[in-house]
There are 2 protein chains.
Amino acid sequence: MIITIDLNNNKPTYLQIVDCVRRAVATGALKTGDQLPTIREAAVQARVNRNTISRAYLELEHLGMIRSRQGAGSFVTDAGPDLEHEERVKALQTLVDELALETVHYQIPVDDVIAMLRESAAKLGKESDHD
Amino acid sequence: MIITIDLNNNKPTYLQIVDCVRRAVATGALKTGDQLPTIREAAVQARVNRNTISRAYLELEHLGMIRSRQGAGSFVTDAGPDLEHEERVKALQTLVDELALETVHYQIPVDDVIAMLRESAAKLGKESDHD
DNA sequence: TCTATTGTAATAGGTATATTAGTACAATTA
DNA sequence: TAATTGTACTAATATACCTATTACAATAGA
């Protein structure tokens, strides 16, 4: 079960789905060429409407992460995101600033947050062993 | 001018205002006891409706950052946020995970992001000298 | 006390987004 | 051919955000 929805999360359902797939690809749970659950399947499993899954998959296709083919299904693409490095860093800056603000505001040592970040990144990058 | 709104930012206006004040407090641009712009003033300066400022100030009051008194104005409070350490860390985890996902996804070295984070946090924490 | 200032409250309207529901169609697969 | 799968479309509903407007209550200052 790749897609899980957290109703408590204020983030839109379709973006949660997008993140789930991105995570799965990052960790290696999904590899290039792998088929995603069909839209109808995923909708049932995640207990959301087909349209919501459809929108998420569309978003993923725009990100260049997957490729959907009518009648066939949706599959993980080898092509990574095609943003320039410059663009990527700029996109990160917003998130970084936000995190920094929270860190300072709540007076949590920056090193603690860095440790959390390292761990979280490691979790994503390493688990490509199991299948 | 403490409050600035970025129309391009998809973040709600009132939350942007909240962040502005939090940043100002973090950097020392606003100190305990300082008066914030009045709701009407701030609304004119930021070119938004009074209600939007009002909502932001209310949010800040809930955060324990400011205290508003009818007829008097809104002032920075000395009491910091009253969340438990446990709670704070949990609140951070979501942001950290999100950042980690972007980092891995875009294949940006974690150390780069950490450098960005350090710089961003330093900017917030240090500028209490001027003024 | 009188008056201006300030925060607060309440209502209404407009816009945008998110989600569901339902139906139909088109391309692929077997 | 027939089932599967993605796609497209409309409609309805709910929610969040922002504006506009009006009125009121507490405070500060002359």
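By convention in this document, chain letters (A, B, ...) are assigned in the order of the sequence lines, proteins followed by strands, and residues within each chain are numbered from 1.
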Distance check needed: [N] [atom2] versus [X] [atom1], whole Å only.
| X | N | atom1 | atom2 | result |
| --- | --- | --- | --- | --- |
| B:I66 | C:dT8 | CD1 | P | 8 Å |
| A:L60 | D:dT7 | CG | P | 12 Å |
| A:I53 | D:dT5 | CD1 | C1' | 14 Å |
| B:R55 | D:dT15 | CZ | C1' | 11 Å |

B:D34 (side chain) donor-acceptor with B:K31 (main chain) under 3.5 angstrom: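 The answer is yes, because a donor-acceptor pair under 3.5 Å joins these two groups.
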
Flag, side chain of A:S120 to backbone of A:M116, donor-acceptor distance under 3.5 Å: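 No, A:S120 side chain to A:M116 backbone: no donor-acceptor pair under 3.5 Å.
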
Residue pair B:R88 / A:Y106, side-chain donor-acceptor N/O under 3.5 Å: no

ILVMFWY cluster, B:L7 and B:I53 together (side-chain gap under 4.5 Å): yes

Shared hydrophobic cluster for B:V21 and B:I5 (ILVMFWY, side-chain gaps under 4.5 Å): yes

Strand-adjacent residues in residues 9-20 of chain A, judged by heavy atoms under 4.0 Å from DNA chain D: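 Those residues: none at all.
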
Sub-4.5 Å side-chain heavy-atom contact between A:T32 and A:T77: no

Note: A:K11-B:E98 ion pair, threshold 4.0 Å (strictly below): yes

D:dT19 phosphate, OP1 or OP2, under 4.0 Å from B:T52 side-chain N/O: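 Yes, B:T52 has a side-chain N/O under 4.0 Å of OP1/OP2 on D:dT19.
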
Phosphate OP1/OP2 of C:dG7: any B:S74 side-chain N/O under 4.0 Å: yes

Geometric cation-pi criterion A:R67 and A:F75, 6.0 Å radius, 45° cone: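 Judged by the rule (NZ or CZ under 6.0 Å from the ring centre, within 45° of its axis), A:R67 is not positioned above A:F75.
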
Summary of protein contacts for nucleotides 20-28 of chain D, nucleotide by nucleotide, where a base hit scores B, a sugar-phosphate-only hit scores S (4.0 Å, heavy atoms): BBBB-BBBS

